[in-house]
Amino acid sequence: MNSNQRFLKQAQTILKKQFGHEQFRPGQEEIILNVLNGKDVFAMMPTGSGKSLCYQIPGYLLQGTVLIISPLLSLMEDQVHALRLTGEKNVRTLNGLMHPLERSRVLRNLRSLRFLYLSPEMLRAPAVMKALSKITIALFVVDEAHCVSQWGHDFRPDYMHLADIRAQLGQPPCLAVTATADEHVRHDVVRSLNLTHPAQIIMSVDRKNIAIIVQKTANQEEKTERLFHLLEKAPYPGIIYCASRDWTERLAEQAKQKLGLRTAFYHGGMASIDRRKIQNQFLDNQIDLLCCTNAFGMGINKPDIRLIVHFHFPSSMNAYLQEIGRASRDGKQGLAVLFYTKSDEQLPEGFIDGNFPSDETLRRVLLQLDQGTRSLADKNEFMNVLMEEGVSETAARFLFEHASEKPMQQTYSSLLDPCRMRIKERVAVQVNDLSIMKNYLETSSCRRRFYLQVYHEKLQEKPAYCCDRCRIPLSELMQKIPKKKRTEPLRLMDWKQKLAALFQESERSPL
DNA sequence: CGATCCTCCGATATCGGAGGATCGGTGCCATATT
């Protein structure tokens with residue numbers, strides 16, 4: 001028996017014993033084998049296809065602790081909860097909401113952990129790095145790895161420091177996983193994480209069971225009209241994606257008034273406890289229609305969402321596919337409808353500008369740093385002052401991050417051109433993503449073929465209900481989509497879940 | 001870029017319209033305040 005066969009056998013034993021599955025799903029074996037062989041891996045596979053198992057199983061076979069870098073606290077909580085349900089006790093998160101005493105207790109007991117979930121920001125805390133450098137890291141996992149490229153360059157710059165962090169931890173093997181990443185994002189992630197000759201396991205982004213419709217309207221009023229026309233007959237539960245918080249609230253209210261639907265809205269301006277509540281209600285079928293911004297969705301794995309509406313189009317193909325990909329994970333027929341009107345284009349264009357400081361601000365701030373009328377000594381103060389001057393938070397952080405990296409012997413003003421270049425590059429990438437999206441909206445040929453091309457995939461076999469360009473027989477399609485009774489009883493926990501929940505309660509520390 | 005909110009003006013008391021300014025999405029952490 002060679003080593004791969006031995007690894008596979010061990011992995012299968014864990015799969016059955018710990019997770020209760022008989023067989024691996026497509027892609028899992030290959031990823032796990034590469035990980036067990038100590039290779040860096042980049043994996044793109046659809047949500048719900050078992051990405052987590054790809055690092056969880058190696059966690060039982062490798063020496064040391066598996067670190068999982070995750071973008072959202074709620075995602076970490078969910079994963080820890082899921083692992084505890086399998087009986088795993090040596091799993092924790094490390095986050096800013098924890099009591100300092102509890103946090104230091106976790107840091108003291110790192111060695112006993114099999115899995116540790118944390119954010120990229122948490123990894124920059126000196127105490128965390130000090131504790132981590134004393135233990136063996138079996139595997140460095142970057143979950144939702146597209147965030148490295150999507151957020152790392154501006155919104156959450158700590159994503160750009162992960163390669164350094166990994167090096168400081170003795171360069172453990174890295175597994176980067178995501179559901180959606182085009183060629184550019186993949187390259188960017190591999191480069192940013194400094195993956196060496198990574199094994200790349202790339203699965204198709206296509207979702208054959210989702211019929212796609214794109215409708216152009218003359219103006220906002222017509223768009224709203226068509227939306228409500230659709231909602232009258234639409235299958236539920238469904239999600240409407242909007243570009244602003246305001247619209248999510250307005251549409252939720254209107255759909256409730258006009259159609260008597262159980263609606264809710266969800267966006268980043270809400271308290272996290274309310275967001276959690278809405279998310280749970282949606283998962284529990286207490287909400288028919290959820291109106292949200294792009295804040296909603298990561299880590300959501302509800303199998304029976306039948307409808308995804310875009311009331312505003314997203315700013316990249318990656319985002320679009322992620323969002324429509326949330327429909328019908330159970331393989332049954334689903335529907336994705338996008339409405340747009342010409343004036344929708346300004347919003348995403350405005351977002352791109354807002355991510356970076358204007359040339360005037362850039363020049364002025366660098367000059368002030370040279371003159372000593374502004375200082376980087378206190379990050380909060382630096383940020384606050386800029387935000388009071390009307391600079392967006394993201395742009396202010398861009399300034400802080402780049403100015404902080406100034407070599408000793410140079411002036412801040414010498415950073416002007418490098419910063420301009422950086423901004424130009426990033427704006428170009430985002431403008432390009434947006435223009436691909438706009439081309440998609442205007443294409444006269446098959447939508448599916450178009451987006452597959454963006455991912456360098458070929459359409460092998462056209463599904464019966466493909467897209468508006470391929471002329472879907474609508475009424476026939478509607479009959480194919482499973483309908484849910486609106487007054488479905490709450491899902492009751494079975495005894496196993498109840499027990500697990502209780503167990504978790506009592507295990508929680510009194511701090 | 002454009003919807004929307006704000007301010008100001010006129011003219012006479014409640015409001016309409018012009019013109020300018022602002023806003024718009026994604027989340028971690030830390031720290032100061034309630």
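Proteins get letters first, then strands, A, B, ... in listed order; numbering begins at 1 in each.
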Chemist: With rounding to whole Å, what would you report as the distance between dT12(B) and dC5(B) at their C1' atoms?
Modeler: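 Looking at atom C1' only, dT12(B) and dC5(B) are 26 Å apart.
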Chemist: Determine: side-chain N/O of Arg103(A) to OP1/OP2 of dC29(B), distance under 4.0 Å, yes or no.
Modeler: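 No, outside the criterion.
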Chemist: So what does Ser315(A) hit on the nucleic acid, given a heavy-atom distance under 4.0 Å: a base, only sugar-phosphate, or nothing?
Modeler: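 It contacts nothing in the nucleic acid.
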Chemist: Can you check the distance between dC29(B) and dC23(B), where both ends of the measurement are the C1' atom (answer in whole Å)?
Modeler: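 The answer is 26 Å between these two C1' atoms.
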Chemist: Would you say Asn95(A)'s side chain and Met98(A)'s backbone share a donor-acceptor pair under 3.5 angstrom?
Modeler: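 Side chain of Asn95(A) to backbone of Met98(A), a donor-acceptor pair under 3.5 Å: yes, one is there.
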Chemist: Please give, in whole Å, the distance from dG27(B) P to Tyr117(A) OH?
Modeler: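 Spelled out: OH on Tyr117(A) to P on dG27(B) is 20 Å.
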Chemist: Per the side chain to side chain contact (heavy atoms under 4.5 Å, CB included) rule, which among Arg92(A), Glu77(A), Met76(A) passes with Tyr117(A)?
Modeler: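 One option only clears the test, and that one is Met76(A).
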Chemist: Write down the distance separating the C1' atoms in dC8(B) and dT14(B), rounded off to the nearest Å.
Modeler: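 These two C1' atoms come out 15 Å apart once rounded.
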Chemist: With rounding to the closest Å, how many angstrom separate the C1' atoms on dA32(B) and dT26(B)?
Modeler: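 Taking atom C1' in both dA32(B) and dT26(B), they lie 25 Å apart.
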Chemist: Distance to the ring centre below 6.0 angstrom and angle to the axis at most 45 degrees; does that hold for Arg447(A) and Tyr440(A)?
Modeler: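 Because its charged atom sits under 6.0 Å from the ring centre and within 45° of the axis, Arg447(A) does stack over Tyr440(A).
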Chemist: Tell me: CG of Leu347(A) to P of dG2(B), nearest whole Å?
Modeler: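 Computing the Leu347(A):CG to dG2(B):P distance gives 12 Å.
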Chemist: Check the distance between dC1(B)'s C1' and Phe313(A)'s CZ and give it to me in whole angstrom.
Modeler: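 To the nearest whole Å, that distance equals 12 Å.
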Chemist: Output yes when at least one side-chain N/O atom of Ser343(A) is less than 4.0 Å from OP1 or OP2 of dC1(B), else no.
Modeler: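 No, no such contact exists.
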Chemist: Under a 3.5 Å limit for both distances, which nucleotide forms a Watson-Crick or G-U wobble pair with dA11(B), could you say?
Modeler: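 None - no nucleotide pairs with dA11(B), as no candidate has both distances under 3.5 Å.
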Chemist: Any base atoms under 4.0 Å from Asn355(A), or only sugar-phosphate, or nothing? Heavy atoms, all strands.
Modeler: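 Asn355(A): base contact, heavy atoms under 4.0 Å.
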Chemist: So, Arg374(A) versus Tyr412(A): side-chain donor-acceptor pair below 3.5 Å or not?
Modeler: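 On atom types as modelled, these side chains do not qualify, holding no pair under 3.5 Å.
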Chemist: Starting at CE of Met98(A) and ending at P of dA30(B), how long is that distance when rounded to a whole Å?
Modeler: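 About 12 Å, once rounded to whole Å.
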Chemist: Does OP1 or OP2 of dT4(B) have a side-chain N or O of Arg250(A) closer than 4.0 Å?
Modeler: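 Checking Arg250(A) against dT4(B): at least one side-chain N or O falls below 4.0 Å of OP1 or OP2.
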Chemist: Of the listed nucleotides (dG24(B), dC28(B), dT26(B)), which one gets closest to any side-chain atom of Asn294(A)?
Modeler: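 For Asn294(A), the side-chain atoms sit closest to dT26(B).
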Chemist: Indicate, with a heavy-atom threshold strictly under 4.0 Å, whether Arg397(A) touches base, sugar-phosphate, or nothing.
Modeler: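 Base, at least one base heavy atom under 4.0 Å.
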Chemist: I need the single residue from Trp247(A), Phe339(A), Tyr340(A) that forms a ring pair (Phe, Tyr, Trp, His ring centres under 6.0 Å) with Phe311(A). Which is it?
Modeler: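 Answer to the ring pair (Phe, Tyr, Trp, His ring centres under 6.0 Å) test with Phe311(A) among Trp247(A), Phe339(A), Tyr340(A): Trp247(A).
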Chemist: Which part of the nucleic acid, if any, lies within contact of Arg124(A), taking any heavy atom under 4.0 Å across all strands shown: a base, the sugar-phosphate backbone alone, or nothing?
Modeler: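 No contact.
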Chemist: Can you tell me how far P in dG27(B) sits from the matching atom in dT33(B), rounded to whole Å?
Modeler: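 The answer is 27 Å between these two P atoms.
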Chemist: My understanding is that a pair needs two contacts under 3.5 Å, Watson-Crick or G-U wobble. By that rule, which nucleotide pairs with dG19(B)?
Modeler: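 Partner of dG19(B): dC6(B).
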Chemist: Would you indicate what Glu381(A) reaches in the nucleic acid, counting non-hydrogen atoms under 4.0 angstrom: base, sugar-phosphate, or nothing?
Modeler: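 Result for Glu381(A) = nothing.
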Chemist: Scan Pro120(A) against the nucleic acid and name what it touches under 4.0 Å (heavy atoms): base, sugar-phosphate only, or nothing.
Modeler: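 It contacts nothing in the nucleic acid.
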Chemist: Rounded to the nearest Å, what distance is computed from the CG atom of residue Leu75(A) to the C1' atom of nucleotide dC28(B)?
Modeler: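 Rounding to the nearest Å, CG of Leu75(A) and C1' of dC28(B) are 13 Å apart.
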Chemist: Return the CE to CZ distance between Met270(A) and Arg245(A), rounded to the nearest 0.5 Å.
Modeler: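 Met270(A) atom CE to Arg245(A) atom CZ measures 10.5 Å (nearest 0.5 Å).
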Chemist: For dT31(B), what is the paired nucleotide under Watson-Crick or G-U wobble rules, both distances under 3.5 Å?
Modeler: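 Checking every strand shown, dT31(B) finds no partner, since no pair has both distances under 3.5 Å.
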Chemist: Decide whether Glu457(A) and Ser204(A) meet the rule of one side-chain donor and one side-chain acceptor closer than 3.5 Å.
Modeler: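 A donor-acceptor contact under 3.5 Å links the two side chains.
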Chemist: Hey, can you pull the residues of residues 148-161 of chain A with a non-hydrogen atom under 4.0 angstrom from DNA chain B?
Modeler: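 Hits under 4.0 Å, by residue number: Trp151(A), Phe155(A), Arg156(A).
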Chemist: Using the P atom on both, measure dT31(B) against dG25(B) and round to a whole Å.
Modeler: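 Roughly 29 Å separates the two P atoms.
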Chemist: Does one side chain, of Asp433(A) or His184(A), offer a donor that lies under 3.5 Å from an acceptor on the other?
Modeler: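 There is no such pair (donor and acceptor under 3.5 Å, judged by atom type) between the side chains of Asp433(A) and His184(A).
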Chemist: Is it the case that His146(A) and Thr178(A) place a side-chain donor and acceptor less than 3.5 Å from each other?
Modeler: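 Yes, because at least one side-chain N or O of His146(A) sits under 3.5 Å from a partner of the opposite role on Thr178(A).
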Chemist: On DNA chain B, check which nucleotide each of Thr394(A) and Asn380(A) is closest to and give me the residue with the more 5' one.
Modeler: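 Its nearest nucleotide being more 5', the pick is Thr394(A).
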Chemist: Between Phe351(A) (CZ) and dT26(B) (P), how many Å, whole number?
Modeler: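 Nearest whole value for this atom pair: 8 Å.
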Chemist: Write down the distance between NE2 (His312(A)) and P (dT26(B)), rounded to a whole number of angstrom.
Modeler: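 Answer to the nearest Å: 13 Å.
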Chemist: Can you check the Glu144(A) CD to dG27(B) P distance for me, whole Å?
Modeler: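 Spelled out: CD on Glu144(A) to P on dG27(B) is 13 Å.
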Chemist: Under the 3.5 angstrom rule, does the side chain of Arg329(A) hit a backbone N or O of Ile305(A) as a donor-acceptor pair?
Modeler: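 No: the side chain of Arg329(A) does not pair with the backbone of Ile305(A).
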Chemist: Among dT31(B), dG24(B), dC29(B), which nucleotide has an atom closest to any side-chain atom of Met122(A)?
Modeler: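 Of the candidates, dC29(B) comes closest.
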Chemist: Which nucleotide in the list dC1(B), dC29(B), dG27(B) gets nearest to the side chain of Gln346(A)?
Modeler: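 Looking only at side-chain atoms, Gln346(A) lies closest to dC1(B).
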Chemist: If pairing requires Watson-Crick or G-U wobble contacts with both distances under 3.5 Å, which nucleotide is the partner of dG25(B)?
Modeler: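 Checking every strand shown, dG25(B) finds no partner, since no pair has both distances under 3.5 Å.
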